[in-house]
Amino acid sequence: MSIQAVAAAPAAGSPADAATRDAATLDASMLDRTVRLLADLVAFPSESARSNLPIVAYIEAYLAREGISARRIPNADGTKASLLATIGPADQPGIALSAHTDVVPVAGQDWMSDPWTLTERDGRLYGRGSSDMKGFLAVVLAYVPLFRQAATHTPIHLCFSYDEELGCLGAPDLVGEVAALPVPPALCIVGEPTALKVARAHKGKFARRLTLTGRGGHSALVNRAANAVEAAAEITVGLGVLGRSLRTETNDAFDPPWTSVHVGSLHGGSALNLVPDRAVMEFEARTLLGTDLDALNARIALIIDEARARLVAQAPEAGIAVTTLSDYPGLDTPEGSPATRLVAALAGDNAAPVTLAFGTEAGLYARAGIPTLVCGPGDIGRAHKADEWIGRDELGAAGTMMTRLAGHLGRPFASIFA
Ligand SMILES: [Zn+2]
């Protein structure tokens, strides 16, 4: 439903019409508030490589003006932080709203307007992070005053992370704190852009970089050298064979329906007549829920160990260093679960819940025992690109979702499912 459609609802005489009109007026003013907040949020160039403390301070100050105190959960060197705040009774089961504050870089992208200045053209609001996912963040913040009024029995937990775009690196600490709350949330909504469709599942993922060190030399004397590129190639072939062997285990909810293994880059060597002493490669696995991760990791370790052993046999100083780039679990919230049905009702989504091709922080919340769905405004297809945008109508629809949510907070969570 677009906000224009809401505002244009007929203003006839019955009390129901008046209620509709009041809700429409509320939503329209809230939309303006949301867009102003989004403009402020977009103006922070919170690329994952930078500190997110400026945008965190902005959100803290905003919440403080609304009488809400937030807790920072900093990273190891204090350059970044997640925020956790509770609105309403902390001793009751409530609902977590999850967003990340970081965005992907703009370098090398050809934008029509400044990516850090929210710019409206034809009802589309352009700016880095507008869809992914400062749009949802702005909607949630806009509705904080309403949540504050409404949350007499069911609290709202605001859970804002950093480094999501680097592979959900910031969320584990935050999720740990959320799970350790006096009463952990009974539901979590991760507002990644799904066009407000309810998404109940996605694969897990881990990604690693291998830095191979061999021994350089003249190509005429390969017997005195250790070829790092050949070792990387052997690992690449081994991972390919492993990946194909995993396709027997399938889950048709996903495309592709199996756990995939993928080598994304392999760099090494400078000249034909030199044995390369160094190679760097990166690979990832996208895992179905239920995949035996220990067994998969053991098979990968074996492939790497065999290549390392061959290198070391040639040159004792050789080695392979493994760096984890990202690691997050999958999500598989049951289709008919009360949590799924509640979020569908909030979003006004009557279709069957979908599965996502991309990963989110939702798997971390689910693994902590919190029923979790992904549902937010905007389109992942516009994310990470030049001229990322979100529609005013999409923010309006997300606002309607927040109004419905607020409507439940005056009673205990257990009765919301009833
Ligand atoms: Zn995102």
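In listed order, ligands and their atoms are each counted from 1.
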Is it true that [X] and [Y] have a side-chain N and a carboxylate O under 4.0 angstrom from each other?
X    : Y    : value
E66  : R33  : yes
E177 : R71  : yes
R310 : E234 : yes
R392 : E120 : yes
D327 : K205 : no

The Zn ion (ligand 1) neighbourhood, protein N/O/S only, threshold under 2.8 Å: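 Near the Zn ion (ligand 1), below 2.8 Å, one finds H100 NE2, D132 OD1, E192 OE1, E192 OE2.
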
Mind checking salt bridge (charged side-chain N to carboxylate O under 4.0 Å, His left out) for K197 and listing every partner two or more places apart, or none if nothing turns up?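 Salt bridge (charged side-chain N to carboxylate O under 4.0 Å, His left out) list for K197, sorted by chain: empty.
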
